[in-house]
Amino acid sequence: MTTSYEGRVAVVTGGSSGIGLATVQLLLSQGANVAFCARGEGRLRDVVSVLQRDYGTEKVLARALSVLDAGAVQEFASDVASTFGRCDLLVNNAGQGRVSTFVETSDEDWRAEYELKLFSQIYPIRAFLPMLKSSKGAIVAVNSLLAYQPEMHMVCTSSARAGVQNLIKSLSMELAPDVRVNSVLLGLVGSGQWTRRFAEREDQSMSREQWYGNLARSKGIPLGRLGDPSEAAAAIAFLGSRAASYITGAQLDVSGGLSRHI
Ligand code: NDP
């Protein structure tokens with residue numbers, strides 16, 4: 001069956017868990033060859049063996065590295081070029097949020113957060129740009145609604161995410177017409193950080209369903225629940241696909257209606 005990613009090559013940063021992993025799986029299921037990275041070797045190895053079993057060894061390439069290591073990201077791009085020969089889609093997903101108010105945030109925290117949010121975009125985009133240009137490819141930045149709707153308890157994450165949106169808009173102009181550049185704005189997705197916070201919940205007798213349900217109610221999410229990683233992955237895959245061929249410089253809100261701006 002010919003699907004939208006047949007014969008195409010996608011790169012996903014932070015592909016060993018949560019939204020990144022759901023994106024890797026979706027793209028593989030739609031026929032793409034997929035390369036992904038994450039820092040932790042153990043989890044990466046486990047995930048790769050399952051994916052290679054399900055989709056074939058030759059479809060998957062994985063490297064253990066931090067996206068904040070410019071040299072390692074460049075080597076990753078060289079490996080993708082020598083293995084797959086092209087790159088049609090770069091999904092910049094690696095990262096995590098930082099919970100802290102202004103008073104709690106040290107200078108070191110501010111620098112670390114800005115470095116993570118901005119250079120997790122800059123290094124991969126620089127490394128994969130030549131291939132993206134020659135394939136007339138696309139970049140999707142996984143960003144957060146916090147960029148437009150800051151939260152007091154995530155002050156430096158919110159601020160850095162606004163900077164990422166600004167960068168993505170600039171790139172959508174500078175890289176046009178060769179490369180499309182878009183972002184997804186996530187609300188609360190039941191992966192990574194929320195799984196960790198659920199594990200640390202005060203009332204350990206509460207089930208995941210109850211805890212997530214309470215969280216959705218307390219946040220006032222109109223759809224009444226957290227998003228699933230597969231729902232974020234579907235939006236990412238759409239923006240990267242030919243179906244989105246006239247979309248660049250856009251942001252797709254994947255927040256169950258949590259966004260209050262028009
Ligand atoms: P997870 O923690 O489930 O997955 C994060 C992935 O990124 C892991 O594979 C992790 O592997 C990898 N990673 C983290 N830091 C680096 C790094 N420096 N270099 C390479 N890989 C890295 O998170 P989610 O799926 O929940 O989140 C995915 C993205 O979406 C993140 O950027 C997050 O900030 C953002 N987001 C998520 C929201 C949510 O509600 N879940 C809301 C808003 C934004 P390893 O640790 O082994 O490196």
Side-chain angles (χ1 to χ4, degrees), residues 11-26 34-48 51 62-77 90-99 112-124 127 140-151 153-154 156-162 164-165 168 183-199 211-212 215-216 219 221 223 225-236 251-256 258-259:
V11 172
V12 180
T13 69
S16 67
S17 166
I19 295 156
L21 176 55
T23 304
V24 169
Q25 287 171 314
L26 180 59
V34 180
F36 64 98
C37 67
R39 294 163 303 176
E41 290 190 29
R43 185 163 61 179
L44 198 67
R45 216 177 303 118
D46 293 346
V47 165
V48 168
L51 293 174
R63 291 288 179 266
L65 60 94
S66 170
V67 286
L68 299 185
D69 179 342
V73 174
Q74 199 61 57
E75 270 178 44
F76 181 39
L90 170 64
V91 179
N92 280 330
N93 162 78
Q96 60 190 38
R98 179 183 292 270
V99 177
E113 189 60 8
Y114 267 75
E115 184 184 9
L116 175 61
K117 293 296 178 290
L118 288 166
F119 284 93
S120 65
Q121 301 294 330
I122 293 168
Y123 291 149
V140 179
V142 177
N143 205 4
S144 165
L145 192 55
L146 293 172
Y148 292 89
Q149 208 162 281
E151 296 259 8
H153 71 288
M154 294 186 83
C156 59
T157 289
S158 300
S159 158
R161 289 203 180 282
V164 169
Q165 270 322 95
I168 292 303
S183 60
V184 291
L185 299 180
L186 303 178
L188 281 67
V189 176
S191 53
Q193 59 185 338
W194 295 111
T195 307
R196 288 188 286 274
R197 287 184 211 171
F198 167 70
W211 195 80
Y212 275 14
L215 182 59
K219 295 283 181 184
I221 300 174
L223 291 187
R225 61 178 178 85
L226 269 63
D228 186 81
S230 64
E231 295 174 306
I236 295 165
Q251 59 254 6
L252 185 47
D253 177 331
V254 187
S255 71
L258 181 59
S259 156

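Sequence positions, counted from 1, serve as the residue numbers for this chain. As the structure lists them, so they are numbered: ligands from 1, and atoms in each ligand from 1. These numbers come from a predicted model, not from an experiment.
- The protein non-hydrogen atom at the shortest distance from atom 6 (C) of ligand 1 is G14 O, 3.5 Å.
- Relative ring orientation between Y212 and F198 is described as perpendicular, the plane-to-plane angle rising above 60° on a 0-90° scale split at 30° and 60°.
- Short contacts between ligand 1 and L65, defined as distances under 4.0 Å to a heavy atom of the residue, involve ligand atoms 19 (N), 20 (C).
- Nearest protein neighbour of atom 22 (C) of ligand 1, counting heavy atoms only, is A94 CB, 3.6 Å.
- Under the 4.0 angstrom criterion for non-hydrogen atoms, L21 is not in contact with ligand 1.
- Near S144, meaning under 4.0 Å from any of its heavy atoms, are these atoms of ligand 1: 43 (C), 44 (C).
- Between N143 and ligand 1, no N or O atom pair is found at a separation short of 3.5 Å.
- With a 4.5 Å cut-off on side-chain heavy atoms, V140 and N92 do not count as touching.
- Applying the 4.0 Å criterion to heavy atoms of G40 picks out, from ligand 1, the atoms 45 (P), 47 (O), 48 (O).
- Residue G18 approaches ligand 1 through these ligand atoms, each under 4.0 Å from one of its heavy atoms: 3 (O), 25 (O).
- Tested against V24 for a side-chain contact (heavy atoms from CB on, under 4.5 Å), the candidates I19, L51, N93 yield a single pass: L51.
- The single protein non-hydrogen atom nearest to atom 36 (N) of ligand 1 is L186 CD1, 3.8 Å, given as residue, atom name and distance.
- Interface atoms of ligand 1 facing R196, defined by a heavy-atom separation under 4.0 Å, are 2 (O).
- Looking at V67 next to ligand 1, an N or O pair under 3.5 Å apart turns up.
- Look at T13 and you'll find every heavy atom at least 4.0 Å from all atoms of ligand 1.
- Protein heavy atom at the shortest distance from atom 10 (C) of ligand 1 is R43 NH2, 3.7 Å.
- Between Q165 and L185 the shortest side-chain heavy-atom distance falls below 4.5 Å.
- In the candidate list Q96, R161, Q193, R161 is nearest to atom 35 (C) of ligand 1, counting heavy atoms.
- Put simply, part of G187 is less than 4.0 Å from ligand 1, judged by heavy atoms.
- Of all the atoms in ligand 1, the ones that sit under 4.0 Å from a non-hydrogen atom of S16 are 8 (C), 9 (O), 11 (O).
- Exactly one residue among I236, L146, V254 makes a side-chain contact (heavy atoms from CB on, under 4.5 Å) with L186. That residue is V254.
- A donor atom on one side chain and an acceptor atom on the other are found under 3.5 Å apart for S259 and D253.
- Of all the heavy atoms of L188, the ones lying under 4.0 Å from any atom of ligand 1 belong exclusively to the backbone.
- Contacts between R98 and ligand 1 below 4.0 angstrom, taking non-hydrogen atoms only, are absent altogether.
- Closest heavy-atom approach to atom 23 (O) of ligand 1 within the set G192, G42, G190: this belongs to G192.
- For ligand 1, the atoms sitting less than 4.0 Å from at least one non-hydrogen atom of S17 are 1 (P), 3 (O), 4 (O), 8 (C), 9 (O), numbered in the order shown with element in parentheses.
- Nearest non-hydrogen protein atom to atom 46 (O) of ligand 1 is R39 NH2, 3.0 Å.
- For atom 28 (C) of ligand 1, the nearest non-hydrogen atom of the protein is N93 OD1, 3.1 Å.
- Residue S191 approaches ligand 1 through these ligand atoms, each under 4.0 Å from one of its heavy atoms: 24 (P), 25 (O), 26 (O), 41 (N).
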